[in-house]
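The residues of the chain are indexed from 1 along the displayed sequence. Only heavy atoms go into these numbers, but all of them, side chains included; no hydrogens, no water, no symmetry mates.
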Amino acid sequence: MVLAPLRKPGGRAGWPQDSSLVVDVSGEVGVTPGLLSGGSRAWQGTGRSLWTLLGGELSPTCRPAPHLGRGLLLRPAAYSRLQRGPGCARLLLPRGRLSRPRLLLPRGRLSPTMAVQVSLWHHFLHAVRSREAPRAQDYQRAENEVLALLERVHALDPRFLVDYSRDLGAFQFSLRSSEDPLDVEVPLWVDAEALLIEELEAPEPEDSPALCHLGVPREAAGLEQWKTEDVFSTCVDQSNGQCCGHIVPGKVLRVLKDLLVAAIVYCRHHRLIPPGSLNAASLREEQLRLSLLVSSGWRKIRFNIVPVVRRKQGAPTLEWTQLMPGFPEDTLRRIVGHGVDLVPASTQHWRTSSGYPLTQLLGVLGSLRGHRLDSLSILDRVNHESWRDGGQSPGLNFDHLKVALLWASALFPTPEDWAELQGAVYRVLVVLLCCLATRNLPHPLQPRHNLLRSCGLDLSAVYQRVESFARRPEASLRIHATHLGRSAPPRVDTGVKALLQLPASDPTYWTTAYFDVLLDKFQVFNIQDRHRVLAMQSVFQKTKALRREES
């Protein structure tokens, strides 16, 4: 990178105090101690890149200078900042008149638009963060009304418990921009370890989680309340000596719905919930989730009430923790120890649910350094506003993006990968693009379960929107008129989809090195670790050889 004084037409090159600087970004340079000799005056910079050197405010002091080649024009107020503060970058000004002063930065690449893009990313993140506190408050007010109803439900029928441990509910809702329904689980007061779990064979492995029946043993004690006709169905096949019948999810839902209706009437009569804040019209529909629409301020939040059987057994083995090197092992053991819950899959069958451990894993990411959760918030906002047209079109939901982040955190476990905002977003993006291209988003706890299977989405259309954002993110990041500017060139050509398809034919490509190749394609690979670079180059050479064979 080179700094040069601005040449006026017909004038001589000089370095007056009131002149501007032109930053030539056509090359790469590194810090060379030998260049500090020869009587030069070395002034410390304030950071590791042009963006941080200018204190994060590039737009008032810098503008493109196309008539000067690949450069940016810096106003005097900008380069005066280069002369203050500790750092590793140096502005070298030899004594006397100067034709080409040099700015030495750590070795790396910086495109002419990269600094402007960083500004755009942070402006967008600031807009997203500004909504977090109000969303959390709205959620807590709405949740209080739902809990008041469930407390009354429990008073009417002790078989239905109230779960007060939803400490991550408001946290997760505050990260979102989308308005998709939220599940509120109602645990059943039953000893799940005493029940007989009769699993049904899945037609295909990707159809997991497997369906099952909840059988009640003939001689089991303490289960009499679950043998009543309103929730129980006697076993037709009396040849089964152990099981006398099953707890039927359809009947459980019917009882819970009647209890909710009674609780709403009671709470309204006793003014336990504000008048007009609750809409229960959806309860008339026969569904596997009992839907309530709660008004909180100007926001309306939809809650799905779901009966759940807490089950310690059936937890994923700790083998999968090897896939999650970015998470503390003791934390993983605690989360896995919660077990796998059962929720209704149909009126006759139950299925496993891992919503709780996934939310706990998301909470763990919030305690780690870096922009992991920021990347999720940005992509959810872009998904809601751009990919789903403000929520009017079908598309990916928050859970899809959450799983992509969990995989990205496992594939990129080092803090260096998440230190820079733009790079953090692209680490989730490359995983999401690969999953859409191969039509397979593996469940983190059950990798054989494909979360994109039977989702009812046009995955080709979704892929096109996500790839369009990855190639040119600027349009989706502009939130008001002050962010308008020239469109940057595409980051990568359209041939990237062939590269994204590789894990479908060879699962060994599902590695950090492969996704490093994708990051390099999108011009956001900035890792200095020699082993990572060599592994990435090895995969890149392998993919080049493979493409030559196919052609």
Which heavy atom of [X] sits nearest to which heavy atom of [Y], and what is that distance?
X: A470; Y: Y426; answer: O-OH, 2.5 Å
X: F171; Y: G363; answer: CE2-CA, 3.9 Å
X: F515; Y: V430; answer: CE2-O, 3.6 Å
X: A404; Y: V431; answer: O-CG1, 4.0 Å
X: P413; Y: A410; answer: CD-O, 3.7 Å

I'd like to know if the side chain of [X] reaches the main chain of [Y], judged simply by a donor and an acceptor atom lying under 3.5 Å from each other, with no hydrogens or angles considered.
X: R439; Y: L452; answer: no
X: S476; Y: P473; answer: no
X: S468; Y: Q464; answer: no
X: S393; Y: D389; answer: no
X: W407; Y: P442; answer: yes
X: R427; Y: G423; answer: yes
X: D380; Y: S177; answer: yes
X: R465; Y: S386; answer: yes
X: S296; Y: D138; answer: yes
X: R135; Y: R176; answer: yes

Any side-chain heavy atom of [X] within less than 4.5 Å of one from [Y]?
X: L373; Y: L405; answer: yes
X: E185; Y: S353; answer: yes
X: F398; Y: Q172; answer: yes
X: R471; Y: E467; answer: yes

task = Take atom CZ of R141 as the centre, draw a 6.0 Å sphere, and report whether it contains more than 12 heavy atoms from other residues, nucleotides or ligands.
result =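 Yes, enclosed.
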
Before accepting this row, confirm whether a basic side-chain N of the pair [X]/[Y] lies closer than 4.0 Å to the acidic partner's carboxylate O.
X: D341; Y: R351; value: no
X: D516; Y: K521; value: no
X: E179; Y: R302; value: no

_Donor on one side chain, acceptor on other, N440 and T438, under 3.5 Å_ =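 Per modelled atom types, N440 and T438 side chains form no pair under 3.5 Å.
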
Pairing donors with acceptors under 3.5 angstrom, does anything connect the side chains of S377 and D374?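 No, because no side-chain N or O of S377 sits under 3.5 Å from a partner of the opposite role on D374.
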
Quiz prompt | Distance under 6.0 Å and angle within 45° of ring axis: K542 vs Y509 | solution =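 Yes, a cation-pi geometry holds between K542 and Y509.
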
| said: Tell me whether R381 forms a cation-pi arrangement with F124, defined as NZ or CZ under 6.0 Å from the six-membered ring centre and within 45 degrees of its axis. | reply: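 Here R381 passes the 6.0 Å and 45° test against F124.
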
* To do: Given side-chain contact (heavy atoms from CB on, under 4.5 Å), test F525 with V517 step by step and report yes or no.
  => CA-CA 8 Å; F525 181 79; V517 172; over 6 Å; no

